[in-house]
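Below: one structure, written as structure tokens.
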Amino acid sequence: MGDIKVRGKKEDEDEKAEVEIWNYVFGHVKIAVVKCAIELGIADAIDKHGSPMTLSQLTTTLKCEPPRLYRILRFLVHYQIFKEEPVTQDSIGFALTPLSRRLIRHGERSMAALILLESSPVMLAPWHSLSARVLDSGNSPFETAHGKDVWSYAEENPGHSKLIDEAMACDARVAVRALIEGCPRVFDGIKSLVDVGGGNGTALSMLVKAFPWMHGINFDLPHVVAVAPKVDGIEYVGGDMFECVPKADAAFFMWVLHDWDDEECIQILKKCREAIPQDKGKVIIVESVLEEDENDKLEFVGLMLDMVMMAHTNKGKERTLKEWKYVLGEAGFTRINVKPIHAVQSIIEAYI
């Protein structure tokens, strides 16, 4: 009986593998078709229409070739990104799902910009050099593909810089809302907040609106803050976080420190320590904390992000709690609190 059970389990595993391997053979197809849907504006069209749309209606609105659009929709319905609903007794329409609502370009919880960034030719090219990176045989995958690091490339290519800012903004709208709802007391007593690497200011504008007693400082590279939309209550400062950080009661980071290795993080955090009050200042970090919660449904995202860091940055990585404690301790922070929120990231508060 024991041999039969073992053999049955092995056969089940082999059968599962025979199916699962096709997800890796054609794994790129899902992201390519979702990108296509965003570029065509399928979700936007249905949202604007206000109800399910037939293939004929979508074809006319989007100016698409009907059979090809149908094949795209059939694929997306199979993966429950859109759904079919009766429109009349004789016709079927395509409707939004919670997932496709996140593909609406200007939706409240849109992830469209982040998908467009990660599926862009610029960001896909480095993945072909990932194995060379693991073998430590030269430059980062991004430099191998483009001849310069991601930040230099963005500075010289305003279109790509804008794509990065829009992608970070769409994540900020999700994560900052979770932060405000889940940990509002993090900002108690803070009269001024500097967002280090604040991009186009989306995160900071949400925080200043939620906590109007705070004065915000959006601090990023000069070419980034130069094109950031100006918002009341926010000061815009261009500079280099490795050299100096504007003074404030607290420094705020969101998806910034994971772009750098430990030594670079320590250097940045030391500049923050110099910028905040020695008695009551703190650093607020919104980043992934790996291996912290086995029941976290979003844990796989942190592991994926770690691979993204390997492909797109020179030395960046996602960190475990032990690794966060190390860089913060080396930078002179003696006490930290970690709080989960309803997002990929957690909140790390670090005190001098």
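Just so we're clear, the structure is a prediction, and the values are computed from it rather than from any experiment.
Under a hydrophobic clustering in which Ile, Leu, Val, Met, Phe, Trp and Tyr are joined whenever their side-chain heavy atoms come within less than 4.5 Å, directly or via other members, Val87 and Leu76 fall into different clusters. The same ILVMFWY cluster, assembled from side-chain heavy atoms under 4.5 Å apart, contains both Ile72 and Tyr79. When hydrophobic clusters are built by joining Ile, Leu, Val, Met, Phe, Trp and Tyr residues whose side-chain heavy atoms come closer than 4.5 Å, directly or via intermediates, Tyr24 is not grouped with Leu303. At a threshold of 4.5 Å between side-chain heavy atoms, the hydrophobic network of Ile, Leu, Val, Met, Phe, Trp and Tyr places Val134 and Val308 in one connected group. A single hydrophobic cluster is not seen to contain both Leu221 and Tyr236; linkage of ILVMFWY side chains at heavy-atom distances under 4.5 Å, directly or through other members, places them apart.
Outside the 6.0 Å centre-distance limit, the rings of Phe94 and Phe82 are not counted as a close aromatic pair.
Counting only distance, with no hydrogens or angles, the side chain of Ser110 and the backbone of His106 share no donor-acceptor pair below 3.5 Å. Side-chain atoms of Ser129 never come within 3.5 Å of backbone atoms of Ala132 as a donor-acceptor pair (strictly under, hydrogens ignored). Distance alone, capped at 3.5 Å, is enough to place a donor-acceptor pair between the Arg273 side chain and the Ala331 backbone. For Glu323 (side chain) and Thr320 (main-chain N/O), a donor-acceptor pair under 3.5 Å exists by modelled atom type. Side chain of Trp213 to main chain of Ile190: a donor-acceptor pair is present (N/O by atom type, distance under 3.5 Å, no hydrogens or angles). In terms of modelled atom types and a separation under 3.5 Å, the side chain of Asp220 and the main chain of Val225 share no donor-acceptor contact. Using a distance-only test at 3.5 Å, with no hydrogens or angles considered, no donor-acceptor pair links the side chain of Asn337 to the main chain of Glu349. Here the side chain of Lys230 pairs a donor or acceptor atom with the backbone of Ala228 at under 3.5 angstrom. Under a 3.5 Å cut-off, the side chain of Ser288 and the backbone N or O of Leu290 do not form any donor-acceptor pair. Between the Ser100 side chain and the Ile81 main chain, a donor and an acceptor come within less than 3.5 Å of each other.
A heavy-atom distance below 4.5 Å is found between the side chains of Leu321 and Val338. Proximity of Ile115 to Leu103: side-chain heavy atoms (C-beta onward) are separated by under 4.5 Å at one or more points. Residues Leu58 and Cys64 form no side-chain contact, since every pair of their non-hydrogen atoms from C-beta on lies 4.5 Å or further apart. Using a 4.5 Å heavy-atom threshold, the side chains of Gln80 and Thr97 count as separate. Counting heavy atoms from C-beta outward, Glu330 and Leu269 have side chains that stay 4.5 Å or more apart. Met168 is listed as a side-chain neighbour of Leu114, based on a closest heavy-atom distance under 4.5 Å. Residues Phe242 and Glu264 have side chains in contact (heavy-atom distance under 4.5 Å, counting atoms from C-beta outward). Annotation: side chain of Asn200 is not in contact with side chain of Val224 (no heavy-atom distance under 4.5 Å).
Of the inter-residue distances, the one linking Ile352 atom CD1 with Gln278 atom CD reads 4.0 Å to the nearest 0.5 angstrom. In this structure, the separation between CE on Met53 and CG on Leu96 is 10.5 Å, given to the nearest 0.5 Å. A distance of 15.0 Å separates CH2 in Trp260 from NZ in Lys317, rounded to the nearest 0.5 Å. Rounded to the nearest 0.5 Å, atoms CG (Leu204) and CE (Met254) are 10.5 Å apart. Here NE2 of His312 is found 7.5 Å from CG of Leu117. Values are rounded to the nearest 0.5 Å. Here OG of Ser91 is found 10.0 Å from CD of Gln89. Values are rounded to the nearest 0.5 Å.
Sparse packing is recorded around NZ of Lys48, with 12 or fewer heavy atoms of other residues, nucleotides or ligands lying under 6.0 Å away. A 6.0 Å sphere centred on OH of Tyr351 holds more than 12 heavy atoms belonging to other residues, nucleotides or ligands. Counting heavy atoms of neighbouring residues, nucleotides and ligands inside a 6.0 Å radius, atom CG of Asn23 exceeds 12 of them. The neighbour count for Tyr70 OH, taken as heavy atoms of other residues, nucleotides or ligands under 6.0 Å away, does not exceed 12. Counted within 6.0 Å of CD on Glu85, heavy atoms from surrounding residues, nucleotides or ligands total more than 12; the atom is thus considered enclosed.
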Check your understanding: Is there a side chain to side chain contact (heavy atoms under 4.5 Å, CB included) between Trp127 and Met307 once you walk through the steps?
Key -> CA-CA 9 Å; Trp127 289 102; Met307 296 297 97; 4.0 Å; yes
Practice item. Any chance you could lay out the side chain to side chain contact (heavy atoms under 4.5 Å, CB included) test for Trp151 and Asp259, step after step, and finish with the verdict? Key: CA-CA 10 Å; Trp151 313 119; Asp259 292 327; 3.4 Å; yes
Point to revise | Step-by-step side chain to side chain contact (heavy atoms under 4.5 Å, CB included) determination, Leu179 to Phe187 | key: CA-CA 10 Å; Leu179 167 57; Phe187 299 95; 3.7 Å; yes
Point to revise | side chain to side chain contact (heavy atoms under 4.5 Å, CB included) between His215 and Ile217, worked out | key: CA-CA 7 Å; His215 171 69; Ile217 304 169; 4.0 Å; yes
Exercise for review: Determine, step by step, whether Lys148 and Glu156 satisfy the salt bridge (Lys or Arg N to Asp or Glu O under 4.0 Å) criterion, reporting the C-alpha distance in whole Å, the side-chain angles of both residues, the deciding distance to 0.1 Å, and the verdict.
Suggested key: CA-CA 10 Å; Lys148 52 181 68 69; Glu156 295 177 13; 3.5 Å; yes
Donor-acceptor contacts under 3.5 Å from residues 31-40 side chains, at least two apart:
unit_1 : atom_1 : unit_2 : atom_2 : d
Lys35  : NZ     : Ser119 : O      : 3.1

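Residues meeting the salt bridge (Lys or Arg N to Asp or Glu O under 4.0 Å) test with Arg101, sequence neighbours left out: Asp47. The side chain to side chain contact (heavy atoms under 4.5 Å, CB included) test applied to Ser161 returns Ala154, Asp165, His223, not counting sequence neighbours.
Partner Ile180 forms a side-chain contact (heavy atoms from CB on, under 4.5 Å) with one of Val186, Leu207, Ile341 and no other, that one being Leu207. For the salt bridge (Lys or Arg N to Asp or Glu O under 4.0 Å) test with Asp262, the passing option among Lys325, Lys315, Arg319 is Arg319; the others fail. Checked against Glu108 for a salt bridge (Lys or Arg N to Asp or Glu O under 4.0 Å), the options Arg102, Arg177, Arg173 give a single hit: Arg177.
Ring geometry for His160 versus Phe142: interplanar angle of 30 to 60°, hence tilted. Trp22 and Phe26 have parallel rings, their planes meeting at less than 30° on a 0 to 90° scale where 60° marks the start of perpendicular. Using cut-offs of 30° and 60° on the angle between ring planes, the pair Trp255 and His258 is parallel.
Of all non-hydrogen atoms in Leu163 and Ser120, the two that sit nearest each other are CD2-CB, 4.1 Å. Contact between Glu65 and Pro67 at its shortest, heavy atoms only, is OE2-CD, 3.1 Å. What you find for Val256 and Gly197 is that their closest heavy atoms are CG2-O, 3.8 Å. Across every non-hydrogen atom of Asn218 and Gly198, the tightest pair is OD1-CA, 3.1 Å. Residue Leu193 comes nearest to Phe252 through the heavy atom pair CD1-CB, 3.8 Å, listed as atom of the first residue, atom of the second, then distance. Counting all heavy atoms, side chain and backbone alike, Val245 lies closest to Met241 at CG2-O, 4.0 Å.
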